[in-house]
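Step one of this worksheet: look at the structure below.
In this text the structure is predicted, and so the values were computed from the model without any measurement. One-based numbering along the sequence shown.
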Amino acid sequence: MRILAIETSCDETAIAIVEGTVAEGGTSFTILGNALLSQIEVHREYGGVYPMLAKREHAKNLVPLLSAALEEAEMLRKDLQSIPADIESALGTLLEREGDLAGALLAMLREYGVPDIDAIAVTAGPGLEPALWVGVNFAKALALVWHKPLISVNHMEGHLLAALLQEQEANAYLLPETSLPLLGLLISGGHTEIVEMTDWLEYRLVGQTRDDAVGEAFDKVARMLALPYPGGPEISRLAERARERGGANPFTLPRPMLTSDSCDFSFSGLKTAVLYLVKDKELDETEKEDMALAFEEAVADVLYAKTVRAIEETGALSLAIGGGVSANAYIKRVFSEKLPADHPEVSLSIPVPFLTGDNAIMIALAGYFRAKRGEFADADGLIADGNRALGTRLK
Ligand code: KG4
Ligand code: ZN
C-alpha cells in the first residue's frame, strides 16, 4: 500500500511517499519520495515559531514539495488533466484562505496524471492550528481531485512509530513486530509525555509535563544564554564541550518532581532556576558551557527516572523514544547505557537521525497502519486539532 503523507504541524513542511508491505517479522517500508523544507531560518530572527508566519510558509512550499516528492517517486508523469468546474470550485473554497495555494495547485494538477498511491495521510494534530489547517486543507484538495481516501494522523503517533524503524538498506526499513506493552517517551518542542501502547495502536497516557515541554525548556534556556533558535542542538553542543573539558561544575540545578509519586514532569522550575542563576550576569563562554551541561544533565536525569518509574508501573517490554529532543546525544547515551543494566528485559528504540525531527515519513507510517485498519476520515469530519491527544489517562 502506497501512502502520500503531508506534515505541516510546526515549522517543517514535508511530503513523503512511502510504500508499506507485510514482511517477515514486521512491516517493511520503502521511501519512494521524500521532500522537506525547514523554516528554521525564517523563524530564527524572531527566536521562535510564529504560527501565522509558519502557515504562510507552508502554503508557499506545499506545491513545490509535492512536485519534488512525486518526481523522486517517479510518479510525476506529464498527462494533461481536465478538472471539472465543480471540483475546481470546491478546491478554491477549501484553499481560499491560503494565499495563492489554490492557483498553484490547480496549475500543477492540470499538468500531471494521478499518481499511483492508495491514500493520503495528513497530520491533523497536535500542533499549531493555523499551520495544521494548511496541510489538512491541502490533503482534502488532493483527495478531491485524485479521488483518494484520507487518513487523519496524530503527529505524536508518527514520532513514536518512527523510533521503531530499522534501516535495512538505502531507503528500505523494517518496522519489526514489537513486544507489548510498549512505552513511548515522546519529547519534542510542544510535548513531553509517556504513553503506553497496550494493544497495537491503542494508547494510555502514563505521564506528561505539567508545564513546559522539554524541547521548549531547551529553547528557552538557550535564549537566556543568548544562543540562537532552536536551542536544543546549541545547548547540546556547549554541554559536550564542558563534558570534554571536565572539572567541577559551578552550577547545580534541581531535578523537578524526581521523587514525586507520578510519572509527570515539570520543566518550568528548572528553567526558572537557570534564569535565577544567569540574571544580571554576563556569563562567559566557559560558564555558558557549564550551565548547558548542568541543564542537560538535570533534564536527562528526570527523563530517565520517570521513564524507569513508568516501566516499573506498566511492566513494559519495549521503549521507544521519539520527537525532536530524541536527537540529543547525551539523552540517548544515558538511556542506552543505563537501561540495559536497570531493565535488561526492555528493548530500546531510538529514531535513525534523519527521523528525529518533524517529517512526513513518520506520518506515512501512522497512515499506513491506520489505513490497514480501515480507519479513513471523511473530508467533512477531518479537522485540525491543535491539542489532539494520543491517549487518555485511566486514573
Ligand atoms: O519534534 P520536533 O522537531 O517539533 C515539534 O513537534 O515540536 O521538536 C523540536 C524540538 C525543539 O525544541 C528543539 O530545540 C529540540 O526539539 N531539539 C533538541 C535537539 N535537537 C532538536 N533538543 C535537545 N537536543 C537536541 N540535540
Ligand atoms: Zn514533532
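In this structure, Met108 is a member of the same hydrophobic cluster as Leu4, with clusters built from ILVMFWY side-chain heavy atoms closer than 4.5 Å. Put simply, Met224 and Phe251 are part of the same group of oily side chains (I, L, V, M, F, W, Y) that touch within less than 4.5 Å, one to the next.
A salt bridge does not link Glu240 with Arg237: every distance from a Lys NZ or Arg NE/NH1/NH2 to an Asp or Glu carboxylate oxygen is 4.0 Å or more. With respect to the salt-bridge test (charged N to carboxylate O, under 4.0 angstrom), the residues Glu289 and Arg243 do not qualify. The pair Lys306-Asp264 fails the salt-bridge criterion, with no side-chain N (NZ, NE, NH1 or NH2) lying under 4.0 Å from an Asp/Glu carboxylate O.
Ring-plane geometry between His159 and His155 is classed as perpendicular, the angle between the planes exceeding 60 degrees on a 0 to 90 degree scale with a lower cut at 30. Note: Tyr173 and Phe354 have tilted aromatic rings, judged against thresholds of 30 and 60 degrees for the angle between ring planes.
With Tyr112 as the aromatic partner, Arg77 does not meet the cation-pi criteria of under 6.0 angstrom to the ring centre and within 45 degrees of the ring axis.
Side chain to side chain, Thr286 and Arg241 fail the donor-acceptor criterion of an N or O pair below 3.5 Å. A donor atom on one side chain and an acceptor atom on the other are found under 3.5 Å apart for Tyr304 and Asp342. Looking at Glu234 and Tyr229, their side chains never bring a donor and an acceptor atom within 3.5 Å of each other. Checked by atom type, the side-chain pair His58/Glu98 shows no donor-acceptor distance below 3.5 Å. A donor atom on one side chain and an acceptor atom on the other are not found under 3.5 Å apart for Thr13 and Thr8. For the residue pair Glu296/Asn328, the side-chain donor-acceptor check at 3.5 Å is satisfied. Thr314 and Glu196 form no side-chain donor-acceptor contact under 3.5 Å, judged by distance and modelled atom types alone. Side-chain contact check for Asp212 and Ser268: no donor-acceptor pair (N or O, by modelled atom type) lies under 3.5 Å.
Of all heavy-atom pairs spanning Asp11 and Val49, the tightest one is OD2-CG2, 3.6 Å. Met362 and Gly357 get closest at one heavy-atom pair: SD-O, 4.4 Å. In terms of heavy-atom proximity, Leu36 sits nearest to Leu65 at N-CD2, 3.8 Å. Taking both residues in full, the closest heavy atoms of Ala5 and Ala360 are given as CB-O, 3.3 Å, listed atom of the first, atom of the second, then distance. Minimum heavy-atom separation, Arg393 to Leu205: CG-O, 3.5 Å. Scanning both residues, Arg110 and Ile83, for their nearest heavy atoms gives CG-CD1, 4.0 Å.
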(request) Please assess Thr30 against Glu19 for the test side chain to side chain donor-acceptor pair (under 3.5 Å), listing each intermediate value before the final yes or no. (result) CA-CA 5 Å; Thr30 307; Glu19 177 162 21; 5.5 Å; no

(message) Go through it in stages, so that I can follow the logic: the residues are Arg44 and Glu41, the test is salt bridge (Lys or Arg N to Asp or Glu O under 4.0 Å), and I'd like the CA-CA distance, side-chain angles, deciding distance and then a yes or no.
(response) CA-CA 5 Å; Arg44 182 165 279 156; Glu41 293 307 326; 3.0 Å; yes

(request) Just do the side chain to side chain contact (heavy atoms under 4.5 Å, CB included) check on Val299 and Val214 with the steps written out, would you? (result) CA-CA 8 Å; Val299 168; Val214 59; 3.4 Å; yes

(message) One pair to check against side chain to side chain contact (heavy atoms under 4.5 Å, CB included): Ile361 and Phe29. What are the steps and the verdict?
(response) CA-CA 10 Å; Ile361 292 167; Phe29 288 98; over 6 Å; no

(message) If you apply the rule side chain to side chain contact (heavy atoms under 4.5 Å, CB included), what do you find for Ser336 with Leu348, and how did you get there?
(response) CA-CA 7 Å; Ser336 54; Leu348 173 66; 4.0 Å; yes

(request) Show your working on side chain to side chain donor-acceptor pair (under 3.5 Å) between Ser28 and Thr21 and close with a plain yes or no. (result) CA-CA 5 Å; Ser28 71; Thr21 23; 3.1 Å; yes

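In this structure, the separation between CG on Leu253 and OG1 on Thr272 is 11.0 Å, given to the nearest 0.5 Å. Between atom CD of residue Glu88 and atom CG of residue Leu109 there is a gap of 10.5 Å, rounded to the nearest 0.5 Å. Between atom CG of residue Leu186 and atom NE2 of residue His191 there is a gap of 9.5 Å, rounded to the nearest 0.5 Å. Atom CD1 in Ile6 sits 5.0 Å away from atom CG in Leu142 (nearest 0.5 Å). To the nearest 0.5 Å, atoms CE (Met197) and CG (Leu390) are separated by 8.0 Å. Between the CG atom of Leu355 and the CD1 atom of Ile350 there is a distance of 13.5 Å, given to the nearest 0.5 Å.
Ring pair Phe218/Phe295: centre-to-centre distance below 6.0 Å.
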